[in-house]
Amino acid sequence: MDDHVKEECGVFGIWNLGNESVAHTIYQGLLALQHRGQESAGIVVCDTNGPIGNICTHKDMGLVSEVFHKEALDKLRGNIGIGHVRYSTAGGSVVANAQPIVLNYLKGTLALAHNGNITNADELRLELSKEGAIFNGTSDSETIAYRIAKERIGSDSIEQAVYKTAKRIKGGYALLVLSPRKLVAVRDPYGIKPLCLGKCGDSYIVASESCAILAVGGEFIRDIEPGEILTITKEGLCVDHSLQIKERAHCIFEYIYFARLDSKLDGINVYDARIAGGMALARRYPVEADVVTGVPDSGLVAAVGYAKESGIPFSLTFHKNSYVGRTFIKPTQEERANAVQAKLSVLEPVVRGKRIVLIDDSIVRGTTIANLIHMLRGCGAKEVHVRISSPPFLYPCYYGTDVPDNSQLIANNMTVEEICTSIGADSLGYMDISDFPCMTGNLPICKACFDNRYPV
């Protein structure tokens, strides 16, 4: 399904105060974050009781279950570690860009796992070059890692070097930095990217989403605050709020699509937010119909909300083949259409002779939704009314969401009426920006890809 936006990645970090090996726990945590990135995966661990610099790493292209096997995990011995799953938005989809990044420098070794994008990366790379750093990296993550290493030379601690670096970088980010004796977590001052804290027995855990903490048997403690630097050592937790500012701008698309249904981000249950979004769509765009359905899996919960508010019965109308390959980046329209049909098939008895309300989270290029409408009509659907639980994409995202350039955004080149005709729907309605509070209450959100108002 190549017509949806992608998140850049997910991060998971753990410190076990009882000196137990953490690699297998990180593996389980990354499995729970697999929805945030499917291109590469990696784990870095360290034994805090061993010699300085004894960092072990394993990373490769592929899903978590493809990259790691028992033998590889058993070799990763250490009681402190970080893990990463990646979808590339900046930097190519190659193993060289897989994370965590491990960097050896004058004062030792550090590893970094990063979710997000920074907007002043070119400026920082130029500064590093002028300062004489031997720097061949091109990704935002490498730039941050080299900046931390550079600052560490003149700093008393790794957390001080992280603070100095975070003061310089702009954008949306969640960082985990591993040194041989410490784990440092940082969330950008606006809170664009999610990050949370949990505990499991003798272990402290930091992860992109609460679902990953629960997946390893842990207890969710709280969200890492925007602008917070949290350092975990053998003495426990140390919190620094020096980066904090008054403004907040949490990414709205975490609640629309990115985050897993069982996660809770900044006090908002993702499932409840999507139900509320579907209900708002029903109030704004009512229609006479027989069945409400959603595009698996991204549109299903909003469809339940639409059905609840409208009184129209909800039904599954697509069967999803979970064993088809995970990517559908095909070079021709014909191949894209075939790929969609290979992954989804219509349950004909549910749709024949029926008026269908079809819910999805977004329309980027319009290819997937057009193919699904064609499939529904081919199985006898009388009408297909499309409702989208986000506004039209009009502007790029600079903070780590893979929104294509304007030329590829169908809403940037067509009116809603033209899009409706183009995809073959009987009617089309998008979520209105004014309805976002129905989903997230008073939480300050970033919605720049819809309204061109960038927080940073």
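Asp266 places no side-chain N or O within donor-acceptor distance of the main-chain N or O of Thr440, the cut-off being under 3.5 Å. Of the possible donor and acceptor atoms, one in the side chain of Asp290 sits under 3.5 Å from a partner among the backbone N and O of Arg355. Not one N or O on the side chain of Asp272 forms a donor-acceptor pair closer than 3.5 Å with the backbone of Ile268. No donor-acceptor pair under 3.5 Å is formed between the side chain of Glu309 and the backbone N or O of Arg283. In this structure, the side chain of Ser422 does not engage the main chain of Glu418 through any donor-acceptor pair within 3.5 Å. A donor-acceptor contact shorter than 3.5 Å is absent between the side chain of Tyr27 and the backbone of His69. Judged by distance alone, the side chain of Asp188 and the main-chain N or O of Gly191 form a donor-acceptor pair under 3.5 Å. Side chain of Asp223 to main chain of Cys196: no donor-acceptor pair is present (N/O by atom type, distance under 3.5 Å, no hydrogens or angles). Ser310 places a side-chain N or O within 3.5 Å of a backbone atom of Tyr306 that can act as its donor or acceptor partner.
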With side-chain contact (heavy atoms from CB on, under 4.5 Å) as the criterion, how do Lys382 and Lys354 come out once you've worked through the C-alpha distance, each side chain's angles and the decisive distance to 0.1 Å? CA-CA 5 Å; Lys382 186 187 298 184; Lys354 303 292 180 60; over 6 Å; no

Test salt bridge (charged side-chain N to carboxylate O under 4.0 Å, His left out) on Glu225 and Arg187 and set out the steps. CA-CA 7 Å; Glu225 295 180 24; Arg187 189 178 183 189; over 6 Å; no

Run the numbers on Glu254 and Arg36 for salt bridge (charged side-chain N to carboxylate O under 4.0 Å, His left out), then give the verdict. CA-CA 10 Å; Glu254 292 287 347; Arg36 300 187 71 88; 2.9 Å; yes

Stepwise side-chain contact (heavy atoms from CB on, under 4.5 Å) check, Ser40 with Val85: CA-CA 6 Å; Ser40 66; Val85 288; over 6 Å; no

For Val357 and Val291: C-alpha separation, side-chain torsions, deciding distance, then whether side-chain contact (heavy atoms from CB on, under 4.5 Å) applies. CA-CA 6 Å; Val357 180; Val291 173; over 6 Å; no

Passes side-chain contact (heavy atoms from CB on, under 4.5 Å), Met431 versus Ile388? Steps please. CA-CA 6 Å; Met431 171 80 74; Ile388 303 299; over 6 Å; no

Decide side chain to side chain donor-acceptor pair (under 3.5 Å) for His24 and Asp74; before the verdict, give the C-alpha distance in whole Å, the side-chain angles of both, and the deciding distance to 0.1 Å. CA-CA 8 Å; His24 287 267; Asp74 288 343; 2.9 Å; yes

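Closest heavy-atom contact between Ile192 and Pro455: CD1-CG, 4.1 Å. Closest non-hydrogen pair, Ser298 versus Asp360, comes out as OG-OD1, 2.9 Å. For the residue pair Val186 and Ala166, the shortest heavy atom distance occurs at CG1-CB, 4.4 Å. Here the shortest heavy-atom pairing between Met279 and Gly305 reads CG-O, 3.1 Å. Nearest heavy atoms, Ser389 versus Ile256: O-CG2, 3.7 Å. Looking at every heavy atom in both residues, Glu142 comes nearest to Ile101 through N-CD1, 3.4 Å.
Looking only at atom types and distance, the side chain of Arg387 has a donor-acceptor partner in the side chain of Ser427 under 3.5 Å away. His385 and Asp426 share no side-chain donor-acceptor pair at under 3.5 Å.
Here the side chains of Leu316 and Leu300 are in contact, with some heavy-atom distance below 4.5 Å. Counting heavy atoms from C-beta outward, Leu428 and Tyr285 have side chains that stay 4.5 Å or more apart. Put simply, the side chain of His114 reaches to within 4.5 Å of the side chain of Asp140, judged on heavy atoms. Put simply, the side chain of Arg453 does not reach to within 4.5 Å of the side chain of Lys447, judged on heavy atoms. Looking only at side-chain heavy atoms (C-beta outward), Pro396 and Tyr454 come within less than 4.5 Å of each other. Side-chain contact between Ile26 and Ile14: present, with at least one pair of heavy atoms (C-beta onward) separated by less than 4.5 Å. Residues Leu265 and Glu209 form a side-chain contact, since some pair of their non-hydrogen atoms from C-beta on lies under 4.5 Å apart. For the pair Leu178 and Val44, the minimum side-chain heavy-atom distance is below 4.5 Å.
Asn452 contributes atom CG, which lies 4.5 Å from atom OH of Tyr395 (distance to the nearest 0.5 angstrom). The OG1 atom of Thr293 sits 8.0 Å away from the CG atom of Leu376 when rounded to the nearest 0.5 Å. Between atom OH of residue Tyr398 and atom SG of residue Cys449 there is a gap of 11.5 Å, rounded to the nearest 0.5 Å. For the atom pair Thr165 OG1 and Ile144 CD1, the distance stands at 8.5 Å (nearest 0.5 Å). One distance of note links OG of Ser390 with CG of Asp361; it measures 6.0 Å at 0.5 Å rounding. How far SG of Cys446 is from OH of Tyr190: 10.5 Å, rounded to the nearest 0.5 Å.
By the 30° and 60° cut-offs, the orientation of the rings of Phe450 relative to Phe436 is tilted.
If you run side chain to side chain contact (heavy atoms under 4.5 Å, CB included) between Phe12 and each of Ile43, Leu31, Val216, Val22, only Val216 comes through.
Aromatic pair Tyr87/Phe258: ring centres not closer than 6.0 Å. His58 has its ring centre less than 6.0 Å from the ring centre of Phe68.
In Glu348, the CD atom is crowded: over 12 heavy atoms of neighbouring residues, nucleotides or ligands sit closer than 6.0 Å. Residue Lys199 places its NZ atom among more than 12 non-hydrogen atoms of other residues, nucleotides or ligands, all under 6.0 Å distant.
Taking the ring centre of Tyr173 as origin, the terminal cationic atom of Lys193 falls outside the region bounded by 6.0 Å and 45° from the ring axis.
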